[in-house]
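Positions are given from 1, in the same order as the sequence printed here. From a predicted model like this one, the values you see are computed outputs, not experimental measurements.
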Amino acid sequence: METVLTLDTSTKRGCLALVQGKVVASCHHFQPVAEQIYATLDTVLAEGNATLEQIDCFAVVIGPGSFTGLRIGMAAMNSGSSSSSCASH
């Protein structure tokens, strides 16, 4: 079963979801994006009983949207994928 962490920061309200197989294990919207992204990540992982090391794929929305918001999302997912053995997409 593949575990995917998805992130959308293309709007003022971000969204993080953890998908395990074909099931959405946890999904949360948050605002403001820059201040709440990591707290929301902790919540999503806890609700899905997962750790960053268990993530098989990191997916991030790349636009269209706010340039700053998109950069925040890409940086967050890149740092998350750096702590595991997989790449961000």
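A 4.5 Å side-chain heavy-atom check between Leu18 and Thr3 finds at least one atom pair inside the cut-off. For the pair Leu52 and Phe58, the minimum side-chain heavy-atom distance is below 4.5 Å.
Separation of atoms CG (Asn49) and OG (Ser26) is listed at 10.0 Å; rounding is to 0.5 Å. The distance from the CD atom of Gln36 to the CD atom of Gln31 is 9.5 Å, given to the nearest 0.5 Å. Considering CD of Glu2 and NZ of Lys22, their distance stands at 12.0 Å, rounded to 0.5 Å. To the nearest 0.5 Å, the span separating OG1 on Thr43 from OH on Tyr38 amounts to 14.5 Å.
Between the side chain of Gln20 and the main chain of Val4, no donor-acceptor pair closer than 3.5 Å is present. In this structure, Asp8 contributes its side chain and Gly14 its backbone to no donor-acceptor pair below 3.5 Å.
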* To do: Could you check Val44 against Leu5 for side-chain contact (heavy atoms from CB on, under 4.5 Å), going step by step and ending with a plain yes or no?
  => CA-CA 9 Å; Val44 167; Leu5 183 67; 4.2 Å; yes
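Between Met77 and Leu7, the shortest heavy-atom distance links the atoms CE-CB, 3.5 Å. Minimum heavy-atom separation, Gly21 to Met1: N-CG, 3.3 Å. Val33 and Lys12 make their closest contact through CG2-O, 3.6 Å (heavy atoms, listed as atom of the first residue, atom of the second, distance). Cys27 approaches Cys15 most closely through the heavy-atom pair SG-SG, 3.6 Å.
Partner of Leu45 under the side chain to side chain contact (heavy atoms under 4.5 Å, CB included) criterion, out of Ile55, Thr51, Thr40: Ile55 alone. Thr9 pairs with exactly one of Ile37, Leu16, Val61 by the side chain to side chain contact (heavy atoms under 4.5 Å, CB included) rule, that one being Ile37.
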